A.B. asks: 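The structure follows.
Order of listing sets the numbers, starting from 1, for every ligand and every atom in it. All of these numbers come straight from a predicted model, not from anything done at the bench.
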Amino acid sequence: MTERIVLAYSGGLDTSVAIGWIGEATGAEVIAVAVDVGQGGESLETIRQRALGCGAVEAYVADASDEFANEYCMPTLKANALYQGHYPLVSAISRPVIVKHLVKAAREFGATTVAHGCTGKGNDQVRFEVGIQTLGPDLKCIAPVRDLALTRDKAIAFAEEKGLPIETTKKNPYSIDQNVWGRAVETGYLEDIWNAPTKDIYDYTATPEFPPAPDEVTISFEAGVPVAIDGVKVTPLQAIKELNRRAGAQGVGRIDVVEDRLVGIKSREIYEAPGAMALITAHKHLEDITIEREQARFKATVGQRWSELVYDGQWFSPLKRSLDAFIEDTQRYVTGDIRMVLHGGQAIVNGRRSETSLYDFDLATYDTGDTFDQSMARGFIELWGMSAKVASGRDIRVAGK
Ligand code: ARG
């Protein structure tokens, strides 16, 4: 029986050529797998037809946008995950959901190998292959760009020679990856890290210099998940989309960073994640009133480690699973409303309310009626400073000798 390979298919030039390229190099039949993670653009049916037109024996297309929002974006939100303090893991969280569908398709169509279009220099190859190894340990991996010398020029020549139904003239100098959680742009002119991004780079956000009137929004959460916007019930996917639109119009969520790739290279990235950044900001502010201090401090550390694991392709790892359990436990009381103003590139919280809040007005107030017994503070401070005071006494004693 002819060997079969499932290919992660985007519908773009490189993966369209990869169908025939893999076929010629390996003699295998190629099954194209396209997964909708809210990237917008062409319909799955258009992509399916193109895959078949480029020589795929089958095309597996899946609308995974709700699955992605519920099972990938929501855990990212609960973790307030920002890799290196900036990047909301846009591409990093889409790879594992694509991997799930690749493995499912491999089983359905009897494939032995999984192929993806990544280069050998980035994180995405690691995320795909570590994910495949975990969910389908018997499956092999192949990356035509990395392993079968499929360069851009060769891809264009191949497409023209075979008359593939794909545009080869549209020149985009950037490498772009996008989904409902955000958009990542790299390479080209951006590789000079002193170059400011030009306006044409952005698509999810409007330039914040000339914003429309401020937009006040109230986001309601239940156990860490957005459930309503301005009182209208929403699913997680709808919440992200609605905030992509409203925060995007105000230029919220533009990120320009040099980040540390897992493979050891520092790389310049431009991200746009209006919905994700508005949601993370609101969620963090709700946590500030609903999570106990020590749990909150520890959770920040856990969230950082979680982000690194996910960035590094360890979505399906045991440690990531354990940290998920901790984070989930912290979300029990993260229920309530956050009001924020979206304007001029910023999302600023200006109100919060929650039935499960730990904010105690009577303890906090400086007005009369305050229930806090200030006389307790003296003894507390005495004991709190004791250890450092003893050590300082020792320093003076030793230095004096
Ligand atoms: N640097 C980001 C990450 O590793 C984004 C990668 C985007 N991928 C792409 N092919 N442009 O998650």
A.B. asks: With the threshold set at under 4.0 angstrom, would you say Arg261 reaches ligand 1 through any of its heavy atoms?
C.D. replies: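 No, that is not the case, since the closest heavy atom of the residue is not under 4.0 Å from the ligand.
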A.B. asks: So that I know where these two stand, are Phe326 and Phe298 an aromatic pair - ring centroids less than 6.0 Å apart?
C.D. replies: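 Yes.
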A.B. asks: Do Asn244 and Tyr204 pair up side chain to side chain, a donor and an acceptor below 3.5 Å, judged on atom types alone?
C.D. replies: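 There is no such pair (donor and acceptor under 3.5 Å, judged by atom type) between the side chains of Asn244 and Tyr204.
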A.B. asks: When you measure from atom 9 (C) of ligand 1 to every protein heavy atom, which one gives the shortest distance, and what is it?
C.D. replies: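 Result: Glu186 OE2, 3.3 Å.
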A.B. asks: For ligand 1, which atoms sit closer than 4.0 Å to a heavy atom of Asn123?
C.D. replies: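 Those of ligand 1 that fall under 4.0 Å from Asn123 are 3 (C), 4 (O).
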A.B. asks: Sort and list the pairs that fulfil salt bridge (Lys or Arg N to Asp or Glu O under 4.0 Å) and have at least one residue in residues 53-81, not counting sequence neighbours.
C.D. replies: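 Listed by first then second residue: Lys78-Glu328.
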A.B. asks: Count the heavy atoms of every other residue, nucleotide or ligand shown that sit under 6.0 Å from CD of Glu222, and state whether that count exceeds 12.
C.D. replies: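 Result for CD/Glu222: open.
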A.B. asks: Please work out whether the ring planes of Phe109 and Tyr60 are parallel, tilted or perpendicular, with thresholds of 30° and 60°.
C.D. replies: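 Perpendicular.
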A.B. asks: Starting from atom 10 (N) of ligand 1, what is the nearest protein heavy atom, named by residue and atom, and what distance separates them?
C.D. replies: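 Of the protein heavy atoms, Ser175 OG, 3.4 Å lies nearest.
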A.B. asks: Report, in ascending order of atom number, the atoms of ligand 1 lying under 4.0 Å from any heavy atom of Asp177.
C.D. replies: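 Listed by number with element: 7 (C), 8 (N), 9 (C), 11 (N).
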A.B. asks: Considering only protein heavy atoms, which is closest to atom 5 (C) of ligand 1, and at what distance to one decimal place?
C.D. replies: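 Scanning the protein heavy atoms, the shortest distance from atom 5 (C) of ligand 1 goes to Ser91 OG, 3.5 Å.
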A.B. asks: Quick test: of every protein heavy atom, which one is nearest to atom 2 (C) of ligand 1, and how far off is it to 0.1 Å?
C.D. replies: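 The closest one turns out to be Tyr271 OH, 3.1 Å.
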A.B. asks: Can you list the residues that meet the side chain to side chain contact (heavy atoms under 4.5 Å, CB included) rule with Arg293, with sequence neighbours excluded?
C.D. replies: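 For Arg293 the side chain to side chain contact (heavy atoms under 4.5 Å, CB included) partners, ignoring immediate neighbours, are Arg297.
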A.B. asks: Tell me whether the count of non-hydrogen atoms from other residues, nucleotides or ligands lying under 6.0 Å of CD in Glu259 goes above 12.
C.D. replies: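 Correct, the count exceeds 12.
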A.B. asks: State, with a plain yes or no, whether a side-chain heavy atom of Ile156 is found less than 4.5 Å away from one of Leu13.
C.D. replies: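 They are in contact (side-chain heavy atoms under 4.5 Å apart), so the answer is yes.
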A.B. asks: Considering non-hydrogen atoms of the protein only, which is the closest contact for atom 12 (O) of ligand 1, and what is the distance?
C.D. replies: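 Going by distance alone, atom 12 (O) of ligand 1 is nearest to Tyr87 OH, 2.5 Å.
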A.B. asks: Short list, please: which atoms of ligand 1 are under 4.0 Å from a heavy atom of Glu259?
C.D. replies: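 Within the 4.0 Å cut-off of Glu259, ligand 1 contributes 1 (N), 2 (C), 3 (C), 4 (O).
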A.B. asks: What is the nearest protein non-hydrogen atom to atom 8 (N) of ligand 1, stated with its residue, atom name and distance?
C.D. replies: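 For atom 8 (N) of ligand 1, the nearest protein heavy atom is Asp124 OD2, 3.1 Å.
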A.B. asks: Under 4.0 Å from a heavy atom of Arg127: give me the atoms of ligand 1 that qualify, with their elements.
C.D. replies: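 So the answer, numbered in order with elements, is 3 (C), 4 (O), 12 (O).
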